[in-house]
**Student:** 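Questions regarding the structure given below will be posed in turn.
As the structure is a prediction and not an experimental result, all values here were calculated from the model. Chain letters run A, B, ... following the sequence lines, proteins first, then strands; residues in each count from 1.
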2 protein chains.
Amino acid sequence: MSSASLTTPAASQFVESWGSLGVLWGLNRSMARIHALFLVTDEPIELDQVARVLNISRGNASMCLKELRNWGVIQRVHKTGDRQDYYVAEPDVWTTFFRIAVERKKREFDPALNNLRHLLAEEDFSDSPKTQKRLEEMEELFSTANTILGALLANETAGRKALGLLKRVLPKS
Amino acid sequence: MSSASLTTPAASQFVESWGSLGVLWGLNRSMARIHALFLVTDEPIELDQVARVLNISRGNASMCLKELRNWGVIQRVHKTGDRQDYYVAEPDVWTTFFRIAVERKKREFDPALNNLRHLLAEEDFSDSPKTQKRLEEMEELFSTANTILGALLANETAGRKALGLLKRVLPKS
DNA sequence: CTGAGTGTTCAGTATAAACTGAAACATTTG
DNA sequence: CAAATGTTTCAGTTTATACTGAACACTCAG
């Protein structure tokens, strides 16, 4: 399986499962399958191999690899005397998780919070006290979430420690 | 605006913004718009009104109301001497948030974790040590997330307190 | 300079998800 | 029972998103 050919059923089943599971991380099917391929492959893989093994177009593979690289969950590597680009997965699973979380906060959460704040600043709901109050609470909730997320994600080791602490402090599941 | 007619621009703009923003919560556009309508409306609203004001079909409105009720973010109420069903938003924003979080964990996270565990239990990656290790770490990460989420969401007041504490403890943003 | 090998881009197409509109059915009550 | 309301279902349509495939761009060896 290490040769990026998905010869073993274990590997190929993992790739497909991860493909559907990946939506949780915010990846689309192709990105998740590619990521899974890297997770079960020890050696660096190149673009054509990805496209061939997963049965997707070169174009799609190229876009997905670029995106995964933007997210920081795979890295480009080179073999000496070889012009081709090879890629490997970020080795640390926790780092992978943090990178994705950071990226998603930046892309999805922050704009949403901005949007909400603008809305509340510009629009006037003062003729409806209940509404006014609800929207203020909403803003407060988002702000709290923002603070917590920001602190957890600002620094990987600190965030990781905080999560470990949290796990120990909370009542056992 | 309180008469569920979206006469003011403030209200209608909020509804549309919330509609696109709602994906963050895991709602689709219609559900999010309906939820927003309830957020900016003080009086109970009935199905036909929802459909008319938001310009969506009765069928869609009915399904969305049902779903929102399942999530626990709106409630059915009745007016005396009136046979029709009316709905209002859950008044507490934090409760709304928790209900959605609980529901999404149950629907999305838990099955994904199960899936991963089954996969790791059944499949054998022992011929590839790096892969084996990565997948074990992955399982550990998911389990930690599961523990923390489970504890935070098990009880609303406790969870809320924990988040408040967390906010105070973490370095200021 | 040329062209073979490789990586990127994008217009068009396919796929999946949401929504409509209408009908069938269920339930309540005057 | 008939009228009013609520729910469910579903074939057809719209809309958003992902993906393809071919053209284009870049690099480098000869």
**Student:** State which residue, out of B:Gln75, B:Glu46, B:Gln49, B:Arg69, fulfils the side chain to side chain contact (heavy atoms under 4.5 Å, CB included) condition with B:Tyr87.
**Tutor:**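 Per the side chain to side chain contact (heavy atoms under 4.5 Å, CB included) rule, the option paired with B:Tyr87 is B:Arg69, out of B:Gln75, B:Glu46, B:Gln49, B:Arg69.
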**Student:** Base, sugar-phosphate alone, or nothing: which one does A:Arg33 contact when heavy atoms must sit under 4.0 Å apart?
**Tutor:**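 Here A:Arg33 touches no strand at all.
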**Student:** Tell me the interatomic distance from A:Ile34, atom CD1, to D:dC19, atom C1', rounded to whole angstroms.
**Tutor:**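 From A:Ile34 CD1 to D:dC19 C1': 11 Å.
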**Student:** Do A:Asp124 and A:Ser126 have a side chain donor and acceptor closer than 3.5 Å?
**Tutor:**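 Checked: A:Asp124/A:Ser126 side chains pair up, N/O donor to acceptor below 3.5 Å.
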**Student:** What orientation do B:Phe97 and B:Trp94 show, parallel under 30°, tilted 30 to 60°, or perpendicular over 60°?
**Tutor:**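 Perpendicular: the ring planes of B:Phe97 and B:Trp94 meet at over 60°.
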**Student:** Begin with the C-alpha distance, continue with both residues' side-chain angles, and end with the deciding distance and a verdict on side-chain contact (heavy atoms from CB on, under 4.5 Å) for A:Val40 and A:Thr8.
**Tutor:** CA-CA 11 Å; A:Val40 296; A:Thr8 71; over 6 Å; no
**Student:** Can you pull out the residues from residues 56-66 of chain A that lie within a 4.0 Å heavy-atom distance of DNA chain C?
**Tutor:**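 Contacting residues: A:Arg58, A:Gly59, A:Ser62, A:Met63, A:Lys66.
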**Student:** Decide if atom NZ of B:Lys105 counts as having more than 12 heavy atoms of other residues, nucleotides or ligands within a radius under 6.0 Å.
**Tutor:**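 Atom NZ in B:Lys105 is crowded, with more than 12 foreign heavy atoms closer than 6.0 Å.
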**Student:** Between B:Arg29 (CZ) and D:dT17 (P), how many Å, whole number?
**Tutor:**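 Rounded to whole Å, this separation is 11 Å.
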**Student:** Can you check the B:Arg76 CZ to D:dT5 P distance for me, whole Å?
**Tutor:**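 Taking atom P of D:dT5 as the reference, CZ of B:Arg76 is at 15 Å.
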**Student:** Counting any heavy atom closer than 4.0 Å, what does A:Asp82 reach on the DNA or RNA strands: base, sugar-phosphate only, or nothing?
**Tutor:**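 Answer is nothing: A:Asp82 stays at 4.0 Å or more from every strand.
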**Student:** Would you sort out whether B:Arg99 and B:Glu103 count as a salt bridge (Lys or Arg N to Asp or Glu O under 4.0 Å), showing the intermediate values?
**Tutor:** CA-CA 6 Å; B:Arg99 296 237 171 102; B:Glu103 201 63 28; over 6 Å; no
**Student:** Are B:Trp25 and B:Phe98 an aromatic pair by the rule of ring centers under 6.0 Å?
**Tutor:**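 Aromatic pair excluded; centres sit 6.0 Å or further apart.
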**Student:** Roughly how many Å is it from CE in A:Met31 to P in D:dC19, rounded to a whole number?
**Tutor:**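 It is 10 Å, rounded to the nearest whole Å.
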**Student:** Tell me: CD of B:Gln84 to C1' of D:dT7, nearest whole Å?
**Tutor:**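 Answer to the nearest Å: 15 Å.
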**Student:** With side-chain contact (heavy atoms from CB on, under 4.5 Å) as the test, would you mind laying out the steps for A:Trp18 and A:Arg33 before giving the verdict?
**Tutor:** CA-CA 6 Å; A:Trp18 198 254; A:Arg33 289 176 75 222; over 6 Å; no
**Student:** Find the distance A:Glu67:CD to D:dC19:C1' and express it as a whole number of Å.
**Tutor:**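 Rounded to the whole Å, the gap is 15 Å.
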**Student:** Looking at D:dT7, I'd like to know if its phosphate oxygens (OP1 or OP2) sit under 4.0 Å from a side-chain N or O belonging to B:Arg69.
**Tutor:**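 For D:dT7, OP1/OP2 do have a side-chain N/O of B:Arg69 under 4.0 Å.
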**Student:** Give a yes-or-no answer on whether the side chains of A:Asn155 and A:Thr157 include a donor-acceptor pair shorter than 3.5 Å.
**Tutor:**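 There is such a pair between these side chains.
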**Student:** With a 4.0 angstrom cut-off to heavy atoms of chain B, pull out the first and last contacting nucleotide of DNA chain C, in 5'-to-3' order.
**Tutor:**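 Contacts span C:dC19 to C:dT29, reading 5' to 3'.
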